[in-house]
Amino acid sequence: MMTISEKVAYVTGLAEGMKIDASTNEGKLALAMIDILKDIAEELDVIDETLDDMAEVVSELEEDLEELEDEIFGELDELGFGGFNIEGDELYEITCSECENTISVDMSMLDNGAINCPNCGERIEFGIDIIDTSDPSDEDFDDE
């Protein structure tokens, strides 16, 4: 499959082979259109190069982000936050009674019944009944 630049070069070669007369109205129009096509092809080449560069940068950023996530969430695992899911678990905030540090936890962490505070190491125990998981949209409301 030919690129846009190759197609424009082909059309340019055809025009040169046809010996289009630039002194006629039709010739002026055809040559002007070929010039415009050349400009468009050049701009598309620049855009393609820019997109390739951007794709490379995005790829590098993705790799860096993965390393950062591994580092951060690996540390959370070491602190007793194993199984933390960064992909959408609802988070709940609890406060350590010892140091008053606020900690975000997800449902899987709450299922364990306790965690150690990452700030002071104090064991924080909780029951699952402290969380209201009911969906308000499930309740029936009367318009009386």
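Quick note: numbers below take in every heavy atom, side chains included, and nothing from hydrogens, waters or symmetry partners.
Note that CG of Asn119 is 8.0 Å distant from CD1 of Ile103, once rounded to the nearest 0.5 Å. Between the CG atom of Leu31 and the CD1 atom of Ile36 there is a distance of 11.5 Å, given to the nearest 0.5 Å. Atom OG1 of Thr50 and atom CD of Glu43 lie 9.5 Å apart (nearest 0.5 Å). Distance check, rounded to the nearest 0.5 Å: OG1 of Thr3 to CG of Asp45 gives 7.0 Å. Atom CD1 of Ile34 and atom CD of Glu16 lie 8.0 Å apart (nearest 0.5 Å). With rounding to the nearest 0.5 angstrom, the SG atom of Cys96 is 5.5 Å from the CD atom of Glu122.
Put simply, the side chain of Thr12 gets close to the backbone of Val8: a donor and an acceptor are under 3.5 Å apart. Distance alone, capped at 3.5 Å, places no donor-acceptor pair between the Glu42 side chain and the Asp39 backbone.
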Open item on the list: Working note: Arg123 + Glu125, criterion salt bridge (Lys or Arg N to Asp or Glu O under 4.0 Å); need CA distance, chi angles, decisive distance, verdict.
Closed with: CA-CA 6 Å; Arg123 184 163 176 81; Glu125 295 184 12; 3.6 Å; yes

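Between Gly27 and Ile20, the closest heavy-atom pair is CA-CG2, 3.4 Å.
A continuous path of hydrophobic side-chain contacts links Leu14 to Met2 [ILVMFWY only; heavy atoms under 4.5 Å].
Within 6.0 Å of CE in Met54 there are 12 or fewer heavy atoms belonging to other residues, nucleotides or ligands.
Looking at Asn101 and Thr95, their side chains never bring a donor and an acceptor atom within 3.5 Å of each other.
Residues Asn116 and Ile124 fail the side-chain proximity criterion, which asks for heavy atoms closer than 4.5 Å.
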